[in-house]
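Written out below as structure tokens is the structure these notes cover.
So that the names make sense, note that chain A is the first sequence line, chain B the second, and so on, each numbered from 1. For clarity, every value in this text was computed on a predicted model and none was experimentally measured.
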Amino acid sequence: MIKAVPPALIFILGALLIPLLKGKSKQVYLLLIPAVAFMDFLHLEPGTSWVYQFLGYKLIFCQVDRLSLVVGYIFVIIGFLAILYALHIQEDGQHIAAFLYVGSSLGVVFAGDYFSLFAFWEIMAVSSVFLVWYQKDKRSLDAGFRYLIMHIIGGCSLLAGIIIYVVETGSTAVTHLGTGPGDIFILIGFGLNAAFIPIHTWLPDAYPEGTFTGSVFLSVYTTKTGVYVLARCFAGADFVAYMGGIMAVYGVIFALRQNDARKLLSYHIVSQVGYMVAGVGVGTALGVNGGIGHVFNHILYKALLFMCMGSVIYMTGRRKLTDMGGLAKFMPVTCITCVIAALSISGAPGFNGFVSKGMVISSAVEDHKPILELMLILASVGTFLSFLKLTYFSFFAPNPEIKAKESPVNMQLAMGLTAFLCVFIGIYPKVLFEVLPFYPVHYHPYTASHVIGVVQLFMFVGLIFMLFKGMVAPHRATVLDFDFFYRMGGRGLVWVCVAPMSNLRSRLQLSSSRAVDIAMRLAKNPMMIVEIPAAYAYLRITQGFRYLSGYSSAETYNENIYRRPIGVGVLVAIILLFAFALIHFVF
Amino acid sequence: MVGLCIPFGFFSKQEHIVSLWHRIPSIDVLFGVLGALLLIAAARVLASFAEKGEDFYD
């Protein structure tokens with residue numbers, strides 16, 4: 001019998017061989033790795049394996065259950081499609097970073113203890129930043145550093161939480177957490193990756209600046225591992241549920257004002273992750289199934305949206321909606337797949353988003369959370385509004401100047417396959433239901449009231465869009481988010497380091513140098529301890545007289561004039577030693 | 001065509017009636033209209049104080 005290996009290992013070791021291959025063989029190899037990983041999944045048995053002892057703690061690299069399997073499946077499927085999309089990229093570094101990113105994300109998913117989870121968590125942060133930096137311009141470099149700083153802060157919080165938790169409980173197992181101090185630090189660490197408000201700013205800042213293929217990977221893994229660990233450790237927490245609602249609404253409001261197509265999509269990641277977080281926070285079987293089902297579906301349609309916008313950027317060099325328009329006739333495959341993705345993310349009947357979004361909203365209804373339900377419905381309205389804006393202004397709005405060609409075949413194939421999966425799961429949701437964590441799934445998406453309700457919602461949102469199109473039309477601007485405060489705080493920190501702290505350092509260095517200088521002089525001649533006050537007083541008096549008499553000279557100080565023979569110092573030391581001995585022995 | 005979808009809401013049965021609005025037929029029409037207007041207004045309010053020039057950070 002073949003023993004399965006941790007899927008992370010296949011991608012991480014696979015990344016090391018990429019530079020050794022060239023041409024077609026490299027392309028075949030790139031596609032073979034996710035295929036091998038998928039085959040490996042078929043041999044994974046529920047339970048724990050690949051367990052090692054480290055400093056008296058267990059490191060578990062392969063903990064398999066329905067939750068880790070469903071997330072692992074979609075990570076590998078989309079890994080294959082994203083690699084197919086990026087197959088024509090010549091830079092090995094991009095492929096290596098992507099493989100390490102996918103591998104470390106799978107490492108987090110199958111980690112059974114907090115130490116190995118943390119290790120993979122950090123590899124994920126470091127490898128993913130290269131997908132931003134490979135864009136190789138100043139904006140991406142700066143955004144990458146901001147991304148890294150935020151993730152280092154999140155990683156520190158996670159590590160602090162893990163240490164407190166392990167010290168308190170003596171266990172490193174990844175299990176459900178509560179409200180202890182360590183648990184809160186861990187929640188902050190997880191929440192940063194899941195883009196909790198207001199620590200979400202790294203996402204709309206960095207993702208639009210990545211390479212057009214790198215952004216496809218970025219849109220999938222970091223936030224979804226965040227949702228996965230929340231489902232494992234914080235399912236049923238009310239705070240998490242309402243944070244999900246806030247994220248869902250916050251994301252769509254900001255998305256409505258964006259002009260950069262990938263920034264708009266990035267804010268929609270915040271919003272859609274909000275649905276997942278809300279489902280997980282509700283914590284019922286339907287809620288967790290809905291949240292994880294939405295992870296599955298969202299990965300497909302969001303990766304597809306980033307593929308489509310990447311295709312437009314690659315073929316036209318334009319990233320702003322104000323510069324696009326009229327692309328439908330030049331890029332029909334990109335246009336059709338983008339419309340499918342837009343309908344999927346909006347939750348239109350017949351598309352995958354309809355199934356999982358309905359599950360999350362229904363879980364809020366069943367758990368008697370009416371405010372959360374209204375927030376999620378509002379976010380649903382905003383999502384459809386935003387994607388009417390995106391598809392209309394990028395593909396259908398008149399633009400006589402634009403000329404473009406359809407993207408390369410591998411990109412079209414990746415988009416086509418991903419679009420097919422969006423529709424397939426939408427029409428046949430049983431495929432999804434069979435892999436969800438709580439099985440069997442007691443939910444029927446295609447009820448008359450659900451379908452009619454969503455159609456009514458879309459019809460009237462569409463009507464409002466047509467009436468108020470001018471008010472949501474893109475225009476050239478930057479919308480400040482919480483990152484404004486972080487940037488100002490960062491600038492303040494730099495100023496404190498450069499001005500007062502640097503000044504303090506100079507002063508301390510000068511004072512220390514003087515103290516050392518004096519100590520050296522005193523070591524040379526201990527008699528100076530007695531003579532310095534006298535010499536100082538003498539100097540002051542003579543200077544005073546000289547000033548009064550108008551005399552000045554350029555006398556230089558010669559230490560040998562004042563220095564006594566070494567014997568005098570020895571004599572003073574012997575006298576002091578004698579005095580000390582006398583006091584000690586007599587008294 | 002948009003208006004034609006309203007009557008369908010009166011003939012479909014709501015599965016889970018928990019909150020007050022679940023009892024109102026075709027409530028999603030209202031959610032769609034009010035939600036879209038509210039979000040457009042919210043985005044305008046956001047823009048009034050948070051929208052700056054394209055090169056603001058540069």
Quick one: donor-acceptor pairs between chain B and chain A, under 3.5 Å, side chains and backbone, table format.
| unit_1 | atom_1 | unit_2 | atom_2 | d |
| --- | --- | --- | --- | --- |
| B/Cys5 | O | A/Gln456 | NE2 | 3.0 |
| B/Ile6 | O | A/Gln456 | NE2 | 3.4 |
| B/Glu15 | OE1 | A/Ser449 | OG | 2.6 |
| B/Glu15 | OE2 | A/Thr447 | OG1 | 3.4 |
| B/Glu15 | OE2 | A/Ser449 | OG | 3.3 |
| B/Trp21 | NE1 | A/Glu373 | OE1 | 3.4 |
| B/Trp21 | NE1 | A/Glu373 | OE2 | 3.4 |
| B/His22 | NE2 | A/Glu373 | OE1 | 3.3 |
| B/His22 | NE2 | A/Glu373 | OE2 | 2.8 |
| B/Ser26 | OG | A/Gln456 | NE2 | 2.9 |
| B/Ala50 | O | A/Leu480 | N | 2.7 |
| B/Glu51 | OE1 | A/Arg257 | NH2 | 3.3 |
| B/Glu51 | OE1 | A/His475 | NE2 | 2.7 |
| B/Glu51 | OE2 | A/Arg257 | NE | 3.1 |
| B/Glu51 | OE2 | A/Arg257 | NH2 | 3.3 |
| B/Lys52 | N | A/Thr478 | O | 2.7 |
| B/Lys52 | O | A/Thr478 | N | 2.8 |
| B/Gly53 | O | A/Thr478 | OG1 | 3.2 |
| B/Glu54 | O | A/Thr478 | OG1 | 3.1 |
| B/Glu54 | OE2 | A/Lys320 | NZ | 2.8 |
| B/Glu54 | OE2 | A/Arg476 | NH1 | 3.4 |

- Given that the side chain runs from C-beta out, which part of B/Leu20 has a heavy atom under 4.5 Å from chain A: side chain, backbone, both or neither? neither
- Query: If you tally heavy-atom pairs under 4.5 Å against chain B, which of A/Leu256, A/Leu378, A/Val451 wins?
  - Reply: A/Leu378
- Query: Roughly how far, to the nearest 0.5 Å, is CG of A/Leu457 from CG of B/Leu30?
  - Reply: 10.5 Å
- Task: Could you check which of B/Ala50, B/Gly53, B/Ala47 has the highest count of heavy-atom pairs closer than 4.5 Å to chain A?
- Result: B/Ala50
- Task: Flag the one option from A/Phe254, A/Phe468, A/Phe458 with the top tally of heavy-atom pairs under 4.5 Å to chain B.
- Result: A/Phe254
- Item | Residue A/Ile253 versus chain B: region with a heavy atom under 4.5 Å | both
- What are the two closest non-hydrogen atoms of A/Val381 and B/Gly35, and how far apart are they? CG1-C, 3.7 Å
- Query: Checking heavy atoms, do the side chain of A/Phe484, its backbone, both or neither come under 4.5 Å from chain B?
  - Reply: both
- Note on the structure: One should read off an interatomic distance between A/Ile377 CD1 and B/Leu34 CG, to the nearest 0.5 angstrom, of 12.0 Å
- Measure distances from A/Val472 to the heavy atoms of chain B and classify the residue's part below 4.5 Å as side chain, backbone, both or neither. side chain
- Task: Below 4.5 Å from any heavy atom of chain A, which atoms of B/Leu39 appear? Answer side chain, backbone, both or neither.
- Result: both
- How many angstroms lie between atom CZ of B/Phe49 and atom CG of A/Leu480, to the nearest 0.5 angstrom? 9.0 Å
- Item | Under 4.5 Å from a heavy atom of chain B, the part of A/Leu467 involved | neither
